[in-house]
Amino acid sequence: MSDPFINMYSDTVTRPTPEMRQAIAEAECGDDMSGDDPTVNRLEAMVAERLEKEAAVFACSGTQSNQMGVRTHCQPGDELLIADTGHIANFEAGGPAVLSGVTCRLLPGENGMIDVDDLEGKLRADNQHLCRTRLVCVENTTNAGGGRPWSLDQLDRVGQWAHENGLKTHVDGARLFNACVAGGYTAAEATRHYDTVSICFSKGLGCPMGSILVGSAEDMAAARRSRKLFGGALRQAGIVAAAAVYALDHHVDRMADDHANARAFAEALAEHDGIRIDPEDVESNLVFFEIDPEIGDATQLATKALEMGVKVGASGAHRLRACTHLDVDREQVLEAAAIIGRCVEAGVGDLVGSATGPYSRG
Ligand SMILES: *Cc1c(COP(=O)(O)O)cnc(C)c1O
């Protein structure tokens, strides 16, 4: 049941391993909406303990758990502050506005990360004309910002500044464990100044689905209500929670291999004329690279590469993204780089059509 191509489109493309399927098959289940699913309860307790927070709520997707976080902290008419590449603001179908009546104020960050300098002066005064600045959201690792892990210092600085200024803090940690492995810190350290944290199980952790929101008992009670409102309250969800428990035990440390494979892939791509990438910029499992415009555009290259057996995504006019994950090994990523190199050298500018839709975001 493998893909007919080397699939580096996203880290969401992984299939559950035989061992994970075994854990799923053996999962004890109950009605989670009544609090009676022992596997979901175990997962929530496990993640809360790991992040040194009081409680957690299992969710269907990272979009859902992020939006539960936004709604927990904000009232209609409030504003959140976020880097301009942030997933919450750009790639969640307008969720803050639709689901919570919240506006997003986008700050130009560096590689998807903001610092105290970017935040200073952005806190709006208490005045009837203005929306209330309420929440700071950070993303770790950054996705569209380049797959960067934050430094612990910067995380601490931003979180502390927000709290000193009366704001709430939320981490979009879709790839939090990639950040921990790359950044050399624990998940508890990375989130110690943040009120809520969303983590995806369906990305680098390799689960078929699921995310979790973590925070105080009071905030998680509110988030549980939002989860119900958003249509995400679940029944025998132990089936999927079991995969997440398995992944937390077995798929975190191995992310170092994905990061090494991403770097090796980047180094191989950098060998080819017409491809622009600095392998030093590749710090986790996401690899962004650009092609010279005379070669063609990113969608054309993605289409050609797919024909040749490699799936990557266009993420801008001439920018592409490739991901490493537990379903691609070193040999495959090097083969993928060689194929992409051949496509670039042949040129793709005469192609029409799109293999991968507009721009990939997952
Ligand atoms: C993938 C992702 C999410 C969540 O996306 P879902 O597809 O809803 O699981 C959130 N934030 C970031 C940065 C992501 O990459």
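Read the numbers this way: they start at 1 and go in the same order the structure lists the ligands and their atoms. In what follows, every heavy atom counts, from backbone to side chain, and hydrogens, waters and symmetry copies are set aside. Model, not experiment: these values are computed from the prediction.
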Hey, is CG on Asn127 packed in by over 12 heavy atoms from elsewhere, all under 6.0 Å?
yes
From Ser198, Gly62, Gly86 - option closest to atom 9 (O) of ligand 1 by heavy atom
Gly62
NZ/NE/NH1/NH2 to OD/OE distance under 4.0 Å, Arg15 and Asp3:
yes
Show which atoms of ligand 1 fall inside a sub-4.0 Å distance from at least one heavy-atom site of Glu139.
13 (C)
Run the numbers on Arg175 and Asp11 for salt bridge (charged side-chain N to carboxylate O under 4.0 Å, His left out), then give the verdict.
CA-CA 10 Å; Arg175 297 184 179 83; Asp11 45 9; 2.7 Å; yes
Is it the side chain, the backbone, both or neither of Asn66 that has a heavy atom closer than 4.0 Å to ligand 1?
side chain
Does ligand 1 have any atom sitting under 4.0 Å from a heavy atom of Glu92?
yes
Quick one: does ligand 1 sit under 4.0 Å from the side chain of Gln64, the backbone, both or neither, non-hydrogen atoms only?
neither
Counting each atom of ligand 1 from 1 as listed, which ones have a heavy atom of Thr63 under 4.0 Å away?
4 (C), 5 (O), 6 (P), 8 (O)
Can you give me the closest heavy-atom contact between Lys53 and Gly215, atom names plus distance?
CB-O, 3.7 Å
Sidechain-backbone polar pair: Thr141 side chain, Gly147 backbone, donor-acceptor under 3.5 Å
no
Atoms of ligand 1 under 4.0 Å from any heavy atom of Lys203, numbered from 1 in the order shown, are 1 (C), 2 (C), 3 (C), 4 (C), 5 (O), 14 (C), 15 (O)
